[in-house]
Every structure is written in structure tokens, then in C-alpha cells.
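In what follows, a single structure is set out as C-alpha cells and then discussed.
Starting from 1, each residue takes its place in the sequence as its number. Note: hydrogens, waters and symmetry copies are ignored here, and every other heavy atom, side chains too, is used.
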Amino acid sequence: MNDKTIMLGNEAIARGAYEAGVKVSSAYPGTPSTEISEILSKYTDVYTEWAPNEKVAVEVAIGASIAGVRSLACMKHVGLNVASDPLYTFAYTGVNGGSVIVVADDPGLASSQNEQDTRIIARSAHVPLLEPSDSNEAKEFVKIAYEISEKYDTPVILRTTTKLSHSQGVVELCDRVEVQDKTYERNVGKYVMMPASAINRHKVVEARENMLQEDACTLSINKKEINDKKIGFITSGIPYQYVKEVFPNASVLKLGLINPLPKKLIEEFVSEVETVYVFEELEPVIEEQIKSWGLKVKGKDLFTKQGEYSANLLRKVLLNENKQVFEKKELPNRPPILCPGCPHRSVFSVLNKLKIHAAGDIGCYTLGAVAPLGVIDTTICMGASISTLHGLEKARGKEFIKNWVAVIGDSTFLHTGVNSLINMVYNKATGTVIILDNRTTGMTGHQEHAATGKTLKGDDTNAIDLANLCKAVGVPNVIEVNAFDCATLEKVVKTSVNGDVMTVIIAKAPCALLKSAKSTAKCVANVEKCKKCGMCLKIGCPALTKNPDGTIKIDETMCNGCGLCMQYCKFGAIEKVER
């Protein structure tokens, strides 16, 4: 097969894993990496799964590798933080079957809480890192990553970014290679990382890295393009595309292997070109290493460490073109908002009414920080809401947290919230945790998780019962409530925050965008009964606006009939009817 088609970068990565003969893939959804696993799950030759978190995903990939098959783990950049524990040791043990970890960085913070650079982690962990520049390279680099993994006995990171993950390019399709399973042989010195073994394996890692640095100089994915020798660029990934667009006649050293860098090749390139710029997004990972070798290059003294790069940035800095070229009319801001019918809005409306502060977490519900609901005070990382609430109580006492709760989604709770909850139980906390159970991983596009009853491939499976799980770890008071039953929820929250025992409230209602949650009803306004008080508008539903005379107006195309607005109207001016 040698057909060509157009693919997203993520789609091409999945195709590359398939063609490389991968047999086991484990991942946790995180934008911009999510589609890789969703697409890979459609290939029947590959076992794919959603793991509870990225640490587990990498550990599953390690187990499959030790068993002798090619394995894959996928995540976004902050997920690699969670997976760092096994990653650093995986670098020591090495592989049996090849193993690749795909990590999607997010320059520009399209959907993340920070802009960390995976290249730095790869250096620290002593793991090779490859970075493609387009969809076809994304597919091919996956296959090259497995060759490197098995040749050099190491896990390999394939780094992508938001732009590459979600842009399209022409990809040449190839047949799947059926890789023979490696024989498993017990080897305590290689796979059991107690100190005596780890000391010896560290030497192996150092020797491997030195060998890779030498071999990288002749590796096909590191390419010199010598043209005009007055100006040259050392670059990789998507920034390479910007260089070629703005300076098509410049000399370029395009790096595919970012760690370790091909030192001799870089020295050779710098000696051939008069002025060399290192053009890399985020941190000066390449630049600092080159300068440490005594080579003269320019980089972050001209280009920012923040956000996505662009061809316009390159033009502006190096060509100093007319400023008008870059000026754009500012479009009006469209702040993100919870969807109509979102059960999180119902919970937050109650917390807002009670003037309750919430330690927040990572998910759609982070939008509870902004007006008009404005109840989320903190958001740190996955699972941190529960630990933050615990810290607040231990720092300031029970009285301080009588107007605080922690809120966390069902998927995030299973990701890293369970351990935080155990910590609260173990250390005798009395706070209130609200699990926002909308039956999906909402923010990344409605992926299944361990409590939904479906696998990544859509098969029926055992569903974790969140209430029983909380009881099993020792939570003394677990209450399940309909997220849209505001009266009951208000009563339960009041009682729990003023109580003397730890409470978990599970606010249950499916995400309004799930196919299974499709509503047959809608809400309509009776303007004759409307008193123009605006109470219904306090919930911040985008389906609700005002008529010119101040009466309420409901957009029937947006409304899904959740009825939350009805609960806040005391004059019967809103009614629910069948569609």
C-alpha cells in the first residue's frame, strides 16, 4: 500500500504506531493529544485503553515492552509530570519490545495551565526525543522512534505540539509491519531497579547517550539544507515550517532528534554559515547547549520564550517589515462559558448563593471561576482541589473552611483525586468534597473512564461506583444528589460544611452534550409573568438574554430543557414544554 491521504498530525501519529506494529497502547486523554488514542482504537490489531492517569499508562506500556511487544503511551505535557516517576526509571531499565511515549506540548496555552517544555524533561531523564515538522513526518518519526528504541535499548519520547497535532498534511500510507515478539528473559540486573542494579544501569544510560550523540550526526532525520551561507537557522518541529516560508533561500539545519543533539553536525553547520539563529519555541533548550560548546548563535535574545511562534514573528524580528503587516483588527473577546444545560452550572449556582468558596480542579468546571458564578478560587493541577482544601483546613482550622468546598470531576477524581481523598481520611479532615459526576471526561471531548461502564473501544465493562469507592476508603459521610435538584443540594451543602465529619457529595447528572443525555424538552418564557428581576440570569446560561423591554428571552435553539432557570424564577415566568 502506498496511497496518500490528508491527515491531522494526531491521526498520522496513530497511523505510524499501527504501521510500526504496536500491539499495546495506554493513554489518558489530554488536549492536544486525545485524538491519537481515539483513532488508534479503530485499528483492530492494536489493544488500546484509557488508563486512570498517565503514570498508569506508562507503567502499562513498560509491562508490555518487558513482555516483548512494541508499546505506546500518549499524554499531554502536564501528564508527563504525573508519568515522570516511571519514566525516569524506564530510562534505566531500557526496553525489550520498543516503547514510545507521545507527549503533546501546548505553546500558547490553548488548553493548559502552563507552557512547560518536554524537551527539558527528556534531557533530565536521559531519554531520546524526536520532533516531527508535519503530518507525514509525524507518522514516519513514530516508526523511526521504535527503531531507535530497540537499537539503543531505551524508551523514546515523540514530542508534538498543538499546531502539529491539529494541523493537516499529506501522508503516505504504508502497510503494517508485523514485528516478531521478543522473548522475555528474567533479568534482575536490568529490570529490578534496586540500588545495586540502578548503579550499573546508570552507566549503561550514559554510554547509550554518548553513542546516540555520535550516531545522530548521520541520522536521516537530522538534515542540513545548505543554501545562502550568509544566514542560517537551527530549528525543529513546526518552527521549521515558518523558517522555510519566510527564508526559503536560507541555510537550515533541521533537527529531528532533539535529545541528544548531534554535536559534530551542529559544529559543522555553524562553521559553514555566517550568522546562525536558533529558532525554537518555549525554552532555549537547543540554544543553551550550543552556546555551552562555545559556538556563536543568536536566539532568545531576539525571540520570546512565550507562546506559539509564527511566520509573522520571524518576519517582524528579522526582516523588520512595516508594522502594519502584523497589525490585526482585534476581534471582540468571546469568553469561554459552561454549555446550556451543564450540571456544573447548577452546582455552582447553589455555591454562589451560599457564598461558598471552591478549591477547583482541571476540567470544564474551572469556568466556575468567572462571572457570573465566580465560585472557584484555586486551580493548580489534576487532583489538587481535594489536597488544597485539606491544606486550608490544616492551616486555618475548621472555622475557616466552613465556607469552602473542593470540587472535582468524576474523571479527574479517578485520575489523582482518590489519593488526595485518602489523605483527608487518614489525616482526620472534616472538609466537604463535591464530585461533579457528569459521566464522562468532558473537557477533552467526552472520553470514557473507569466509572462510565465503557472501554475506549466502546465495549461494556465494569463501572466503578464512586459512592462505594469513597465509603471504602473511609469517608464517613457520602451523599448522592441530583445536580439539578438545587433545593436538596443547598440543604446538603449547608449541613456538610457546618458539620464535624468529612463529607463527599456526589452531584450526579450527565453532560448535556452526551448523546445519551439528549433532551426532549425546552424552556419557554412567559413575558406577561416576567417581573424583570433578573434572578434567572444569575446562573449565567447563554440561552438566556433580555428582550428590549427587560423581560426574559430564551433561545430555543440553545436551551436543552434542564430547568435550572425555572428554579430561580419565583413568578412562574418560565415553563418547560415538549419539543
Side-chain angles (χ1 to χ4, degrees), residues 28-31 53 76 78-79 81-82 106 109-114 335-339 342-396 400-421 423-424 429-444 449 466 470 481 483 489-490 492-493 496-497 502-509 511 538-540:
Y28 183 82
T31 305
N53 63 34
K76 68 183 294 179
V78 288
N81 299 335
V82 182
D106 191 17
L109 295 168
S111 182
S112 305
Q113 63 267 45
N114 64 43
I337 192 168
L338 294 169
C339 302
C342 176
H344 304 335
R345 175 179 288 104
S346 177
V347 175
F348 291 159
S349 70
V350 170
L351 297 180
N352 177 277
K353 179 181 178 182
L354 297 176
K355 295 182 170 51
I356 298 284
H357 300 266
D361 226 291
I362 304 298
C364 304
Y365 45 90
T366 306
L367 295 172
V370 298
L373 297 167
V375 297
I376 300 287
D377 282 26
T378 68
T379 299
I380 310 299
C381 65
M382 299 283 278
S385 59
I386 299 174
S387 303
T388 300
L389 178 68
H390 181 66
L392 289 167
E393 179 178 3
K394 295 306 177 182
R396 299 291 297 274
F400 183 79
I401 64 161
K402 281 189 174 180
N403 63 341
W404 277 84
V405 297
V407 294
I408 187 168
D410 47 334
S411 181
T412 309
F413 175 69
L414 293 171
H415 178 278
T416 36
V418 177
N419 284 348
S420 300
L421 192 71
N423 185 56
M424 285 187 70
T430 62
T432 297
V433 175
I434 302 178
I435 300 176
L436 304 168
D437 183 8
N438 66 353
R439 313 311 298 164
T440 190
T441 310
M443 190 171 69
T444 52
H449 59 67
L466 298 182
C470 293
V481 61
L489 186 59
E490 181 177 341
V492 167
V493 171
S496 63
V497 295
M502 180 183 171
T503 299
V504 171
I505 301 169
I506 304 176
K508 304 175 70 170
C511 172
K538 287 189 174 183
I539 62 175

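Each of Val504, Ile362, Ile386 was checked for a side chain to side chain contact (heavy atoms under 4.5 Å, CB included) with Ile408, and the lone residue meeting it is Ile386.
Closest heavy-atom contact between Ala507 and Ile434: CB-CG2, 4.3 Å. When all heavy atoms of Cys470 and Ile435 are compared, the closest pair comes out as SG-CD1, 4.0 Å. Considering all non-hydrogen atoms of both residues, His390 and Ala429 come closest at ND1-CB, 3.5 Å. The shortest non-hydrogen separation linking Cys364 to Gly442 is SG-C, 3.8 Å. Nearest heavy-atom pair, Ala358 versus Leu351, reported as atom, atom and distance to 0.1 Å: CB-CD1, 4.5 Å. The shortest heavy-atom contact between Gly540 and Ile337 is O-CD1, 3.3 Å.
A donor-acceptor pair is defined here as one N or O able to donate and one able to accept, closer than 3.5 Å; no such pair exists between the side chain of Arg439 and the backbone of Cys511. The backbone N or O of Asp437 lies less than 3.5 Å from no partner atom in the side chain of Lys508, so there is not a single donor-acceptor pair. In terms of modelled atom types and a separation under 3.5 Å, the side chain of Gln113 and the main chain of Cys381 share no donor-acceptor contact. At least one donor-acceptor pair closer than 3.5 Å links the side chain of Asp361 to the backbone N or O of Ser385.
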Could you walk me through whether Val375 and Val407 pass side chain to side chain contact (heavy atoms under 4.5 Å, CB included), step by step? CA-CA 10 Å; Val375 297; Val407 294; over 6 Å; no
Begin from the C-alpha positions of Leu489 and Ile505 and carry the test side chain to side chain contact (heavy atoms under 4.5 Å, CB included) through to its verdict. CA-CA 9 Å; Leu489 186 59; Ile505 301 169; 4.1 Å; yes
Go through it in stages, so that I can follow the logic: the residues are Thr441 and Tyr28, the test is side-chain hydrogen bond (donor to acceptor under 3.5 Å, both in side chains), and I'd like the CA-CA distance, side-chain angles, deciding distance and then a yes or no. CA-CA 10 Å; Thr441 310; Tyr28 183 82; 4.9 Å; no
Working note: Met382 + Val78, criterion side chain to side chain contact (heavy atoms under 4.5 Å, CB included); need CA distance, chi angles, decisive distance, verdict. CA-CA 9 Å; Met382 299 283 278; Val78 288; over 6 Å; no
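Looking only at side-chain heavy atoms (C-beta outward), Ile401 and Arg396 stay at 4.5 Å or farther from each other. Side-chain contact between Thr412 and Leu436 is absent, with no heavy atoms from C-beta onward closer than 4.5 Å.
Within the structure, the salt bridge (Lys or Arg N to Asp or Glu O under 4.0 Å) test picks out the following pairs touching residues 348-357 (sequence neighbours left out): Lys353-Glu490. The salt bridge (Lys or Arg N to Asp or Glu O under 4.0 Å) contacts involving residues 401-410 comprise Glu399-Lys402, where partners must be two or more places apart or lie in separate chains. Sorted by first then second residue, the side-chain hydrogen bond (donor to acceptor under 3.5 Å, both in side chains) pairs that include residues 368-380, not counting sequence neighbours, are His357-Asp377.
Applying the ring pair (Phe, Tyr, Trp, His ring centres under 6.0 Å) rule to His344 yields the partners Tyr365; only residues at least two apart in sequence or on another chain are considered. Partners of Ser346 by side chain to side chain contact (heavy atoms under 4.5 Å, CB included), not counting sequence neighbours, listed by chain and number: Phe484, Cys486, Leu564. Considering only residues two or more places apart in sequence or on other chains, Asn423 meets the side-chain hydrogen bond (donor to acceptor under 3.5 Å, both in side chains) condition with Asn427. Judged as a salt bridge (charged side-chain N to carboxylate O under 4.0 Å, His left out), and not counting sequence neighbours, Lys538 has no contacts. Under the salt bridge (charged side-chain N to carboxylate O under 4.0 Å, His left out) criterion, Lys394 pairs with no residue, sequence neighbours left out. Thr444 is linked by a side-chain hydrogen bond (donor to acceptor under 3.5 Å, both in side chains) to Gln447, counting only residues two or more places apart in sequence or in another chain. Residues passing the side-chain hydrogen bond (donor to acceptor under 3.5 Å, both in side chains) test with Thr432 are Ser496, sequence neighbours excluded. Residues satisfying the side-chain hydrogen bond (donor to acceptor under 3.5 Å, both in side chains) test with Ser420, not counting sequence neighbours, are Ser387. For Phe413, the ring pair (Phe, Tyr, Trp, His ring centres under 6.0 Å) test picks out no residue, with sequence neighbours left out.
Atom CG of residue Leu367 and atom SG of residue Cys339 lie 9.0 Å apart, to the nearest 0.5 angstrom. Between Leu421 atom CG and Thr416 atom OG1 the span is 12.0 Å, to the nearest 0.5 Å. We find the CG-CZ distance between Leu392 and Phe400 to be 5.5 Å, quoted to the nearest 0.5 Å.
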